There are 2 protein chains.
Amino acid sequence: MNEKNQLARPLALPLPTIRRYPVYLRCINEMIAAGETHISSAVVAEKLGLDSVLARKDLAMAGVPGKPRRGYPARELQAAITAALGWDNSTDAVLVGVGSLGNALLGYRGFEEQSLSIAAAFDASPEIVGKTIHGVKVRPMGDLPRLVKRLNIRLGILTVPNAAGQPCADKLVAAGIRGIWNFTSVRLSVPDGVIVQNVDLAQSLAVLSHAISAKR
Amino acid sequence: MNEKNQLARPLALPLPTIRRYPVYLRCINEMIAAGETHISSAVVAEKLGLDSVLARKDLAMAGVPGKPRRGYPARELQAAITAALGWDNSTDAVLVGVGSLGNALLGYRGFEEQSLSIAAAFDASPEIVGKTIHGVKVRPMGDLPRLVKRLNIRLGILTVPNAAGQPCADKLVAAGIRGIWNFTSVRLSVPDGVIVQNVDLAQSLAVLSHAISAKR
DNA sequence: TTTATATCGGTATGTCAATAGCGATATTTT
DNA sequence: AAAATATCGCTATTGACATACCGATATAAA
């Protein structure tokens, strides 16, 4: 039999739970800023419009023991979720493709919350290389391998045109990148061990436009 | 009993299927451009790196009968999926919040593929109002209700700072919008009948950063 | 003409996550 | 000190989707 004193935290968190963690985290941050010392799953669920059981299970997954009638200790819960997301340590990333979207991401201030900082940007176009966008200097693609290795960067942000998607992904992989945040519509093929997270606006829009056109 | 001559298309398509449709559609378009007249689910699955059964089921959901040993008729399948997504008729949308992200979306050329055109843009800041960004004139928020009603616009794109998210969503709803494409991190509360599709970069990044930090 | 085969279409099974229900317990109230 | 209650934490059920399997059929090959 198992000792039941210790809280059993599963080795792998459910993917949907991980996706919801940023939402919880923002809510918890607000509550801490408002002076709360304890976080009740019921209150969080109410604020976010989620089922109370779902919120309780998600928060319990963080591994911090809560107390009946009080909730979870706020700072500990915050720290646990932040750690689960890997946002407790600053992460450097490189951005490839300084078009309009890459430009917007370079200017996005919200990444600080996720401890993400774009350490360098690259582009193939000679007209853009050399310019400084939102404080980041745009470098030629040739500099990518050396810089990624020197700074030990593990995350690449891919914001190039579709045609350049796979070739640039290959370059990132060859340079030693571990994860690619893919903003192109191309289905990247990468070796095992490299993680790709797709942000396909068309997929997101599909759900919305289908629903709107279907309900008429 | 049921007549079985007609292909039974389910009234509601599974959400994951809808999300995959844009991916299939791009693949089908390429194959048509390459001169194919028939689309085999096995070939599509191979190209996209999906399970062949999954692709077959998804394509079958479109309601177009396929032929053994040939596949689905290319143009008909293309038309059916396009219609299922509501991309067969041009859809006008309004964009609220012309910051860096709103700017990038206004300049994004890929929306034509989805028959989406941004008919008008709005912003609260007097410095931006009146300017023309990528061919679209930025109007003051006060003009929103009248213009949405006059052009009978059903889709709103929300790219304002988090603090303005809910108020602006309320204005869109009051103007008669049916769906909101929400790029803020705020969980919007809207009345029944209005659909919200969230594009939360933090949620997407969460999966990636968790995986990268966990596997070390 | 006959045989072989690729692909479709439906049914059954398995897996994962969301929901529901219930007991345990610490805090608050009386 | 005793009773009431809110909240946690566990287990079971439900439901949806992905996967596996199998029969039907039109095309291609022999």
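None of the values given here were measured: they were computed from a predicted structure. Each chain gets a letter, A, B and so on, in the order its sequence line appears, and its residues count up from 1.
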On a heavy-atom basis, the closest approach of His134(A) and Leu106(A) is CB-O, 3.7 Å
Check whether any side-chain nitrogen or oxygen of Ser41(A) sits under 4.0 Å from OP1 or OP2 of dC8(D), and answer yes or no. yes
Which pairs, with at least one residue in residues 49-76 of chain B and sequence neighbours excluded, count as a side-chain hydrogen bond (donor to acceptor under 3.5 Å, both in side chains)? Thr17(B)-Asp58(B), Arg20(B)-Asp58(B), Tyr24(B)-Asp58(B)
What pairs with Phe183(B) under ring-ring contact (aromatic ring centres under 6.0 Å, His included), at least two apart in sequence or on another chain? Trp181(B)
Just to verify, what does Gln78(B) make a side-chain hydrogen bond (donor to acceptor under 3.5 Å, both in side chains) with, not counting sequence neighbours? Asn29(B)
Which angle, to the nearest 10 degrees, lies between the helix axes at the two ends of the helix from dT1(C)-dA30(D) to dT30(C)-dA1(D), each defined by five pairs? 10°
Nearest-Å distance for atom pair CG/P, residues Leu59(B) and dG10(C): 14 Å
Donor-acceptor contacts, no H, no angles, side chain residues 35-46 of chain A, under 3.5 Å, sequence neighbours left out:
| residue | atom | partner | partner atom | Å |
| --- | --- | --- | --- | --- |
| Ser40(A) | OG | Ala42(A) | N | 3.2 |
| Ser40(A) | OG | Val43(A) | N | 3.4 |

Counterpart residues, side-chain hydrogen bond (donor to acceptor under 3.5 Å, both in side chains), relative to Thr159(B) (two or more places apart): none
Roughly how far apart are Leu25(A) CG and Glu30(A) CD, rounded to 0.5 Å? 10.5 Å
Leu50(A) CG to dA17(C) P, straight-line distance once rounded to whole Å: 17 Å
Could you tell me the separation between the OH atom of Tyr72(A) and the P atom of dA6(D), rounded to a whole number of Å? 18 Å
Rounded to whole Å, please give me the gap between NE2 in His38(A) and P in dT25(C). 19 Å
Mind listing the N/O atom pairs, protein and nucleotides 23-27 of chain D, below 3.5 Å?
| residue | atom | partner | partner atom | Å |
| --- | --- | --- | --- | --- |
| dT27(D) | O2 | Arg69(B) | NE | 3.4 |

Do any N or O atoms of the protein come closer than 3.5 Å to N or O atoms of nucleotides 17-20 of chain D, and which pairs are they?
| residue | atom | partner | partner atom | Å |
| --- | --- | --- | --- | --- |
| dA18(D) | OP1 | Arg20(B) | NH1 | 2.8 |
| dA18(D) | OP1 | Arg20(B) | NH2 | 3.4 |
| dA18(D) | OP2 | Arg20(B) | NH2 | 3.2 |

Would you list the pairs meeting side-chain hydrogen bond (donor to acceptor under 3.5 Å, both in side chains) in which at least one residue belongs to residues 161-174 of chain B, sequence neighbours left out? Asn162(B)-Ser185(B), Gln166(B)-Asp170(B)
Tell me the interatomic distance from Met61(B), atom CE, to dG9(C), atom P, rounded to whole angstroms. 12 Å
Just to verify, what does Asp123(A) make a side-chain hydrogen bond (donor to acceptor under 3.5 Å, both in side chains) with, not counting sequence neighbours? none
Does anything in residues 95-120 of chain A form a side-chain hydrogen bond (donor to acceptor under 3.5 Å, both in side chains)? List the pairs, not counting sequence neighbours. Asp92(A)-Ser117(A)
Tell me every residue that passes salt bridge (Lys or Arg N to Asp or Glu O under 4.0 Å) with Arg26(B), counting only those two or more places apart in sequence or in another chain. Asp200(A)
